[in-house]
Each structure stands twice: as C-alpha cells, then as structure tokens.
Novice: 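Got a structure for you, written out below as structure tokens; questions coming shortly.
First the proteins, then the strands, lettered A, B, ... as listed; each starts at 1. Keep in mind that what you see is a predicted model, and the values were worked out from it rather than measured. Only heavy atoms go into these numbers, but all of them, side chains included; no hydrogens, no water, no symmetry mates.
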Number of protein chains: 2
Amino acid sequence: MNPAGNETYRAMNTYTKLMRAAESVTSRVHRVLAEPKLTISQFGVLEALYHKGPLCQRDIASKILKSTGNITLVIDNLEKQNLVRRERDNKDRRYLTIYLTESGTDLIAKVFTDVEAAIVTEMASLNDNEQELLGQLCKKLGMKGVS
Amino acid sequence: MNPAGNETYRAMNTYTKLMRAAESVTSRVHRVLAEPKLTISQFGVLEALYHKGPLCQRDIASKILKSTGNITLVIDNLEKQNLVRRERDNKDRRYLTIYLTESGTDLIAKVFTDVEAAIVTEMASLNDNEQELLGQLCKKLGMKGVS
DNA sequence: GTTGCATAGCTTAATATTAAGCTATATTGT
DNA sequence: ACAATATAGCTTAATATTAAGCTATGCAAC
C-alpha cells in the first residue's frame with residue numbers, strides 16, 4: 001500500500017472509531033431521558049437555559065444546532081408542559097426571552113444530575129490521563145472548522 | 001472541590017469535547033452529500049451495500065441504526081432513483097435482498113471517494129500517533145456497551 | 001400435517017425536522 | 001421623516017423517523 005493509501009486507511013479507521021464511540025456513548029446516556037419523557041432537543045433547550053440563564057429562541061437554536069422553526073415547536077411543547085415560559089422583550093419586541101419555570105428548573109436539575117451520572121459512568125472506561133488526552137485530541141479535531 | 005466533583009468535572013469536559021469533535025467533523029464531512037442529493041441515511045445504505053455486498057433490509061437497518069420501517073422508505077426512495085433493486089429470496093421468501101444497480105454502484109463509488117477525501121482532510125489535524133491514540137481511546141469508550 | 005411461535009418487511013399514525021418564505025419590529029442612510 | 005435593509009420568530013409543506021401493529025412466510029413441537 002502506498003503512503004497515500006496508508007494515510008487514507010488510518011484516517012478512515014480513526015474516523016470510524018470516533019463516530020462509533022460518540023454514538024455508542026450518547027445512545028446510552030440518552031436512555032435517562034426516557035423516564036422523564038424528554039426528547040433530546042427538549043433536554044438540550046432546558047439544559048441551555050439551566051446553565052446559561054434565559055435566552056432568546058435564536059440563541060437556543062444556534063446552541064443546540066436546530067432551525068429556528070424547529071425551536072418554535074420545541075418551545076411550544078415545553079410551554080404546554082409548563083417547563084418554560086416566553087416573555088416578550090420590551091426594548092426590542094422582536095425578541096422572546098425564554099425562562100425556565102419553577103417546575104422546569106426542578107425537572108432539569110434532576111435530569112441533568114442523572115445525565116451527568118451516566119456520563120461519569122461512561123467515561124469511567126478511561127483514567128484521568130486518558131480522558132485528558134482524549135479531550136485534547138478531540139479539541140484539535142473540532143477546531144478545524146473555525147476557519 | 002472534592003474528588004467526586006473533580007471526577008464529574010473531568011468526565012463532563014471530556015464528554016463535551018468528544019461530542020463537539022464528532023459533530024463538527026461529521027457535519028463538515030456530510031457536506032459532500034449535498035451535491036449528489038443524498039440523505040445521510042441513503043448514503044449509509046449505499047455504503048453498506050458497496051462494502052458488504054447485497055444485504056437484506058433488516059441487516060441494513062441494524063447497520064445504520066434505523067428502524068425497519070424507516071429502511072423500507074429509504075430503500076423505496078433509492079429504488080425510485082434506480083440506485084438499488086430488491087430481489088425476493090427464493091429459499092426464504094420473507095427476505096428481500098437489496099442489490100446496488102450499476103448506476104448505484106457508480107454513484108456510491110464516486111461519493112464514497114469524496115467522503116473519504118473529506119475525512120482524510122478532517123483527520124489531517126492529527127498526526128499518525130495522535131490518530132492511533134485517539135482510535136484506541138475511542139475504542140475503549142465504545143466497548144463499554146458490549147455487556 | 002397442524003398448531004403455535006418467530007421473523008422479514010410493510011403500513012399507519014404521531015412526531016420531529018428543515019427550508020423557504022412570511023410578518024412584525026428595529027436600524028440605517030439619506 | 002422615509003425608504004431600504006436586517007433580524008426574530010412563526011407558518012407551511014415536504015420529508016424523515018419511530019413505535020406499534022399487521023401480513024406473509026418459515027420453522028419447530030406435537
């Protein structure tokens with residue numbers, strides 16, 4: 001096999017392992033969302049609000065990488081369950097600020113704790129140094145796109 | 001911060017970087033599917049057939065992690081575009097074997113080459129040793145689920 | 001053989017998602 | 001002030017996806 005072939009082979013191999021790891025870890029972590037009946041997007045929205053405070057829909061959309069139209073629906077559904085509420089910004093009336101309600105805060109606090117525990121369990125396959133190393137390598141890969 | 005807190009902090013950090021890397025790399029790689037107008041699932045099906053040979057729908061479903069009902073639709077759409085064909089197995093008539101057509105083979109050969117090139121480009125952020133290391137760490141993480 | 005269980009693929013209904021375009025609001029340039 | 005432009009969120013139509021259940025086929029036990 002020529003050098004180019006080796007490079008390709010190695011890249012494909014690494015890529016496959018990266019994707020399998022990400023997918024297998026997330027799919028196990030997301031199991032904890034079944035009981036509270038949250039979709040992954042709903043969890044993403046609640047978690048963003050929980051850690052960043054109130055946000056407008058566009059910011060939420062860009063945070064969880066979904067379209068603004070989709071966020072409208074996700075927030076609608078969370079609002080129906082009384083987990084968040086919308087409030088029109090009086091300075092710029094185009095904006096809706098989304099707030100966690102009290103029960104929304106309670107729910108995400110509990111669910112996030114469970115997700116966190118699941119992630120710790122998953123990551124326990126690697127020791128400290130390995131996790132540090134994996135983090136660095138992933139960071140290098142992810143940064144590529146910031147061009 | 002207590003030991004448990006540190007462990008959690010580190011795990012969350014590593015997890016986040018892993019997910020960001022996976023998502024940022026895939027989203028860039030998948031851009032090459034826009035021009036041939038293939039969905040990610042369609043690409044997954046074609047690629048499975050290209051590398052594994054003819055498969056029945058259930059095997060395809062488990063390979064690309066989609067429901068069997070969904071695969072029925074994905075194959076329907078590929079069949080409409082004459083990229084694959086279904087053939088009833090005469091030994092066990094419950095099975096449909098899915099074959100790439102000639103134009104399907106041509107298309108996936110070309111598209112896979114492009115995807116491969118995109119992956120090589122992405123992975124070029126890491127040198128040989130780093131890729132090897134990343135692969136090993138990911139493998140360790142992914143294996144957790146095989147219990 | 002017939003009866004009952006298992007399995008492959010299909011259908012249906014519900015939900016999620018996106019892209020494109022719409023409305024309302026704000027900003028900027030003249 | 002007014003026109004043009006930009007932006008936030010919403011709507012609509014098309015597509016994707018899943019879960020649950022259905023049909024047809026095969027297999028195994030009796």
Novice: Phosphate oxygens OP1/OP2 of D:dA8: is one of them under 4.0 Å from a side-chain N or O of A:R58?
Specialist: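 Yes, because at least one side-chain N or O of A:R58 sits under 4.0 Å from OP1 or OP2 of D:dA8.
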Novice: Check the distance between D:dG26's P and B:L96's CG and give it to me in whole angstrom.
Specialist: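 Rounding to the nearest Å, CG of B:L96 and P of D:dG26 are 12 Å apart.
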Novice: Using the ring of each side chain (for Trp, its six-membered ring), is A:F43 parallel, tilted or perpendicular to A:F112, with breaks at 30° and 60°?
Specialist: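 Rings of A:F43 and A:F112: parallel, as their planes differ by under 30°.
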Novice: Please tell me which of B:R88 and A:D89 maps to the more 5' nucleotide of DNA chain C, matching each residue to the nucleotide holding its nearest heavy atom.
Specialist: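 Comparing both residues, the 5'-ward one is B:R88.
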Novice: Would you mind checking if B:K91 and B:D89 are paired as a salt bridge, meaning a charged N to carboxylate O distance below 4.0 Å?
Specialist: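 Salt bridge: no.
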Novice: I need the CG-P distance between A:D59 and D:dA8, as an integer number of Å.
Specialist: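 Interatomic distance, CG of A:D59 to P of D:dA8: 8 Å.
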Novice: May I ask you to list the residues of residues 34-43 of chain B, by number, that have any heavy atom positioned under 4.0 Å from an atom of DNA chain D?
Specialist: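 Under 4.0 Å from DNA chain D: B:T39, B:S41.
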Novice: Listed by chain and number, what are the salt bridge (Lys or Arg N to Asp or Glu O under 4.0 Å) partners of A:E87, not counting sequence neighbours?
Specialist: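 Salt bridge (Lys or Arg N to Asp or Glu O under 4.0 Å) list for A:E87, sorted by chain: A:R85.
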Novice: Starting at CZ of B:R94 and ending at C1' of D:dT23, how long is that distance when rounded to a whole Å?
Specialist: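 Computing the B:R94:CZ to D:dT23:C1' distance gives 13 Å.
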Novice: I'd like to know if B:R93 reaches the base of D:dT25 with its side chain such that a donor and an acceptor end up less than 3.5 angstrom apart.
Specialist: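 No such pair is found, so the answer is no.
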Novice: Can you sort out the partners of A:E130 under side-chain contact (heavy atoms from CB on, under 4.5 Å), two or more places apart, ordered by chain and number?
Specialist: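 side-chain contact (heavy atoms from CB on, under 4.5 Å) check on A:E130 returns A:L126, A:N127, B:L137, B:K140.
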Novice: Heavy atoms of chain B, cut-off under 4.0 Å: which first and last nucleotide of DNA chain C, 5' to 3', fall inside that, if you could look?
Specialist: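 Span of nucleotides near chain B: C:dA6 to C:dT11.
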Novice: In chain order, what residues pass the ring pair (Phe, Tyr, Trp, His ring centres under 6.0 Å) check against A:Y99, with sequence neighbours excluded?
Specialist: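 None.
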Novice: CG of A:L49 to CD1 of A:I60: how many Å apart, nearest 0.5 Å?
Specialist: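 With rounding to 0.5 Å, CG (A:L49) is 4.5 Å from CD1 (A:I60).
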Novice: Whether A:D59 and A:K63 form a salt bridge (side-chain N of Lys/Arg under 4.0 Å from carboxylate O of Asp/Glu) is what I want to check.
Specialist: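 Salt bridge between A:K63 and A:D59, a charged N being under 4.0 Å from a carboxylate O: no.
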Novice: Can you list the residues that meet the salt bridge (Lys or Arg N to Asp or Glu O under 4.0 Å) rule with A:D128, with sequence neighbours excluded?
Specialist: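 Scan of A:D128 (salt bridge (Lys or Arg N to Asp or Glu O under 4.0 Å), adjacent residues dropped) gives B:R10.
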Novice: The criterion is side-chain contact (heavy atoms from CB on, under 4.5 Å); which residues satisfy it with B:R58, sequence neighbours excluded?
Specialist: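 Listed in chain order: B:C56, B:T68.
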Novice: Quantify the bending of the helix from C:dG1-D:dC30 to C:dT30-D:dA1 as the angle between its end axes, each fitted on five pairs, to 10°.
Specialist: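 Answer rounded to 10°: the end axes differ by 20°.
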Novice: Using the test salt bridge (Lys or Arg N to Asp or Glu O under 4.0 Å), find all partners of A:R86 that sit at least two apart in sequence or belong to another chain.
Specialist: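 Here the qualifying residues are A:D76, A:E79.
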Novice: Using a cut-off of strictly less than 4.0 Å between a heavy atom of the residue and any atom of DNA chain C, enumerate the qualifying residues of residues 61-72 of chain B by number.
Specialist: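 Those residues are B:T68, B:G69, B:T72.
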Novice: Heavy atoms under 4.0 Å, any strand shown: does B:R86 hit a base, just sugar-phosphate, or nothing?
Specialist: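 Sugar-phosphate only.
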Novice: For B:Y50, what residues pass the ring pair (Phe, Tyr, Trp, His ring centres under 6.0 Å) criterion, not counting sequence neighbours?
Specialist: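 If we apply the ring pair (Phe, Tyr, Trp, His ring centres under 6.0 Å) test to B:Y50, skipping adjacent residues, there are no hits.
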Novice: Taking B:E132 for its side chain and B:N129 for its backbone only, find out whether a donor-acceptor pair lies under 3.5 Å.
Specialist: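 A pair under 3.5 Å: no.
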Novice: Does anything in residues 52-77 of chain A pair up under ring pair (Phe, Tyr, Trp, His ring centres under 6.0 Å), and if so which pairs, sequence neighbours excluded?
Specialist: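 Found none.
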